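For reference, the structure discussed in these notes is given below.
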Amino acid sequence: MLAIGACALYINERINTRLDLSANARHSLTGQSIKAVNAVTEPLQVTAVMGPDKLQREAVTRLFDQYQKYKPDIELEFVNLETQPARVRELQAAAGGELILTSGTREQRLQSLSERNVTAALTRLTRADGNQVAFITGHDERSSLTQGNSDLRELAARLDTAGLSTQEISLVTAPHIPDEIDLLVIAAPQRRYFPGEVASILDYLGRGGNLLWLLDESDEHGLQAIATELGISALPGIVLDASSSAYGTDSPTFVIIDQLPQHPLNQGIANPLLMPGSKALAITPLAGQQVLPLLQTSPRSWTETGAIAGAVQFDEGSIERQGPLVVAASIERQKQHKMQRIAVVGDADWLASQWIGNGANLEYAERLFIWLTADDQLLAFETTSPRDAKIEASAKTILVMGGGFLFGMPLLLVLIASALWQRLRKG
Amino acid sequence: MTGVIARREFHALLKSPFTWLIAAILQVFFAWYFLSTLEQYLAIQHQLALQDHAPGVTAFLAFRYLAPICALLLLICPLLTMRCLADEYRHHTFALLQSSPVPVHAIVLGKFIGVMGFVSLLLLLAILMPLSLLALTDVDLPLLGLSLLGLIITGAMCTAAGLFFSSLTKNTMIAAITSSTVLLLLWILGKGTYSDAGIQTAMTSLSTSTHLGTFFQGLLDTRDVLYFFILTTLFLSLTMIRISSFNRNGAPI
């Protein structure tokens with residue numbers, strides 16, 4: 001009999017059909033995810049570099065099981081962070097472990113597990129190649145080619161895996177920025193732009209080109225005409241944040257941003273961002289464009305204009321401004337019948353090879369570049385909210401319910417019990 | 001014949017003040033647990049709404065309030081079944097059943113259905129409170145139904161196990177304690193970590209706790225439904241085998 005039972009259980013484990021009956025299909029993939037996984041034509045290899053924790057591994061397996069329903073050739077491999085150091089090194093995995101999704105020549109890395117993130121990564125894996133990102137050179141900007149601590153080589157490599165190819169252009173040799181450039185990057189210039197170069201950039205903007213402008217501590221760049229065009233300029237001073245020191249940052253100029261404002265770009269970012277030495281932005285509203293803050297510092301931050309040494313504090317009544325301060329903003333506007341996207345960030349160091357591995361910097365950078373090249377599909381992810389999410393109950397209702405359930409019903413049951421007891425004693 | 005025994009067993013439970021007292025105590029426990037879980041939900045409902053695949057109040061209650069009740073069944077069902085057969089041995093009434101022309105399967109099934117009727121009533125008490133939220137919001141009824149199924153199916157397995165251990169001994173306390181212990185072991189089997197991957201999988205698939213989660217998440221998984229069906233059938237068959245062996249040997253312990 002026991003043997004039959006064991007056999008039945010064994011067979012039962014093999015055959016398995018599952019139906020999601022919950023009202024908003026909470027445990028099924030959204031249409032967006034199904035579309036994303038179906039778009040992956042080549043076999044997908046998932047390498048999960050993580051600790052031996054059983055529950056965490058189960059969560060990974062469960063999530064990819066769902067994708068496997070739609071794409072059977074997903075291969076999931078676990079690499080133990082603690083017992084397989086050689087393999088971890090070979091994969092160059094992050095210290096806290098990560099998920100590596102590989103398909104064909106493309107690769108995507110994730111540090112947090114959720115359907116939203118996996119689906120975004122799948123979409124990035126399959127997006128068409130050939131979005132061109134151009135970095136302007138000639139003014140000691142951060143280079144996307146040089147392997148230096150403050151350069152952007154790491155970022156460029158990461159963008160490449162997401163299908164964004166990077167190049168450097170000089171406005172002196174080729175003043176006309178071609179239309180094929182999907183995104184132009186001004187990466188913290190240290191020397192002034194010539195008026196002719198500024199005119200090239202303005203011409204490019206006039207044609208509806210997208211722009212990412214990274215500012216730096218030096219104000220000398222001769223780009224005031226562009227600042228006026230965008231209605232965004234840098235406030236004097238460097239952002240200091242009293243609440244960031246709680247994280248134990250090395251320098252007072254390191255700003256930690258962990259409260260992201262509402263923005264399509266910001267959804268699902270789980271870790272804080274690190275901005276070393278950032279400028280704050282002043283925004284002038286202009287007609288015909290929508291400006292939204294992308295990154296904001298805490299209320300305990302301010303722009304320090306004095307020397308940063310010893311005890312520094314916010315000087316009220318001076319030109320210093322108190323937080324929350326906008327350190328990155330996005331602009332969307334209609335230009336030449338297409339949607340133009342521009343982002344201005346008060347710091348370039350957060351993208352530099354030395355810092356980009358901190359917090360969510362890399363993840364955020366990738367999203368920012370993709371958003372700027374106007375690929376919205378990557379960010380759209382909606383799940384159905386449940387019908388029974390909202391309960392509006394007055395204190396009185398709760399009291400009546402609570403009293404009835406907690407005292408009324410048990411009392412009734414005890415009364416029945418005592419009545420039966422009486423009858424038993426008499427009978 | 002099964003029906004007659006089931007009805008007798010059910011009525012015996014209903015007529016005993018002891019069972020009503022159990023119901024009263026359970027109701028206090030259910031109500032307190034329900035209200036505190038509901039309060040938790042009310043406190044964090046706005047944060048929850050921001051999640052992807054956000055849980056509604058039904059999903060929250062199913063997982064936080066209804067699922068833990070399963071563990072309670074491991075203790076309650078053996079208490080309800082402990083007297084079913086052990087008492088019959090002790091009061092020598094089993095000989096009457098034995099000598100009557102009632103087939104063995106009718107005795108076992110009858111007693112099982114009788115106790116299950118009462119267990120279902122207890123579980124209705126537990127499910128009544130989430131159901132009362134219908135007055136306030138659009139309760140996810142399929143999910144609530146599945147949770148009830150999960151509770152009943154666990155109750156069935158525990159009752160069948162309790163019945164089997166009650167058939168082994170004359171002593172009601174021993175019957176209750178052994179069945180609770182075995183059920184508890186079966187419950188925690190999958191929670192351990194085993195060095196061998198094969199043993200790990202076997203233990204996990206044998207364990208009760210790993211098969212319960214789906215019901216309370218609103219998933220109908222054939223594997224989990226059949227797991228409980230198989231175990232219930234197994235315990236009932238073992239009980240029948242045990243009783244027929246008396247019929248041949250004529251010597252209950």
Side-chain angles (χ1 to χ4, degrees), chain A residues 1-2 4-6 8-10 12-28 30 52 54 114-116 267-268 381-393 397-398 401-402 404-407 409-424, chain B residues 15-21 23-25 27-28 30-32 34-35 38-39 41-42 45 48-49 51-59 125 128-129 132-133 135-143 145-146 193 201 205-206 214 217-223 226-227 230-231 233-234 237-238 241:
Chain A
M1 199 60 220
L2 282 173
I4 295 172
L9 280 178
Y10 179 76
N12 186 28
E13 284 296 320
R14 308 271 127 179
I15 332 162
N16 175 18
T17 329
R18 194 172 258 209
L19 264 177
D20 188 351
L21 293 181
S22 61
N24 58 336
R26 283 186 60 210
H27 309 283
S28 309
T30 63
K54 212 173 80 182
S114 70
E115 188 192 333
R116 176 189 290 273
Q267 281 180 358
F381 184 84
E382 290 274 332
T383 59
T384 339
S385 55
R387 296 173 307 179
D388 55 345
K390 242 184 143 43
I391 291 196
E392 298 292 351
T397 321
I398 297 271
M401 258 173 58
F405 288 137
L406 201 54
F407 301 108
M409 279 172 65
L411 199 69
L412 189 73
L413 292 167
V414 170
L415 282 178
I416 296 175
S418 63
L420 285 171
W421 184 253
Q422 293 288 332
R423 224 176 66 184
L424 267 185
Chain B
K15 273 185 199 140
S16 154
F18 174 65
T19 43
W20 288 94
L21 217 55
I25 294 167
Q27 174 59 29
V28 173
F30 288 159
W32 178 80
F34 167 75
L35 290 169
L38 186 61
E39 205 162 86
Y41 180 80
L42 290 177
Q45 62 177 335
L48 284 178
Q51 285 180 5
D52 290 336
H53 296 293
V57 67
T58 323
L125 277 183
L128 206 64
M129 285 179 275
S132 73
L133 290 179
L136 296 173
T137 184
D138 197 357
V139 173
D140 187 348
L141 288 175
L143 172 59
L146 262 185
T193 314
T201 337
S205 51
L206 200 63
T214 51
Q217 293 173 1
L219 294 169
L220 184 64
D221 194 319
T222 53
R223 176 166 58 184
L226 283 174
Y227 168 85
I230 291 170
L231 279 192
T233 318
L234 180 71
S237 318
L238 285 175
I241 291 172

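The chains referred to below are lettered A, B, ... by the order of the sequence lines, with proteins before strands, and numbering in each begins at 1. Please read these numbers as outputs of a predicted model, since none were measured by experiment.
Contacts of B:Leu146 with chain A are made by side-chain atoms alone, with heavy-atom separations under 4.5 Å and no backbone atom involved. With a 4.5 Å cut-off on non-hydrogen atoms, B:Leu226 touches chain A through its backbone and its side chain both. Only the side chain of B:Thr214 comes within contact range of chain A, with at least one heavy atom under 4.5 Å from a heavy atom of that chain. Only the side chain of B:Leu38 comes within contact range of chain A, with at least one heavy atom under 4.5 Å from a heavy atom of that chain. With a 4.5 angstrom heavy-atom cutoff, B:Val139 touches chain A only via backbone atoms. Using a 4.5 Å cut-off between heavy atoms, B:Phe30 makes no contact with chain A at all.
Here CE of A:Met409 is found 5.0 Å from CG of B:Leu125. Values are rounded to the nearest 0.5 Å. Here B:Phe18 contributes atom CZ and A:Leu420 contributes atom CG; the two are 13.5 Å apart, rounded to the nearest 0.5 Å. To the nearest 0.5 angstrom, B:Glu39 atom CD is 7.5 Å from A:Ile398 atom CD1. Going from atom OG1 of B:Thr19 over to atom CG of A:Leu413 covers 10.0 Å, rounded to the nearest 0.5 Å. Rounded to the nearest 0.5 angstrom, B:Leu219 CG and A:Ser28 OG are separated by 7.0 Å. With values rounded to the nearest 0.5 angstrom, B:Trp32 atom CH2 is found 10.0 Å from A:Leu406 atom CG.
A search for side-chain hydrogen bond (donor to acceptor under 3.5 Å, both in side chains) contacts involving B:Ser205 returns nothing, not counting sequence neighbours. Contacts of A:Thr397 classified as side-chain hydrogen bond (donor to acceptor under 3.5 Å, both in side chains), with partners at least two apart in sequence or in another chain: A:Ser394.
Between B:Trp20 and A:Ser418 there is no side-chain heavy-atom pair separated by less than 4.5 Å. Contact annotation: the side chain of B:Leu136 approaches that of A:Met401 to within less than 4.5 Å [non-hydrogen atoms, C-beta and beyond].
Residue with the most contacts toward chain A among B:Thr233, B:Leu238, B:Thr137: B:Thr137 (heavy-atom pairs, distance under 4.5 Å). When B:Leu21, B:Thr222, B:Leu234 are compared by the number of non-hydrogen pairs under 4.5 Å with chain A, B:Thr222 comes out ahead.
Across B:Ile230 and A:Gly5, no two heavy atoms sit closer than the pair CG2-O, 4.0 Å. Closest of all the heavy-atom pairs between A:Gly402 and B:Leu35 is CA-CD1, 3.4 Å. Closest approach of B:Pro17 to A:Ala417, counting heavy atoms only: CB-O, 3.3 Å.
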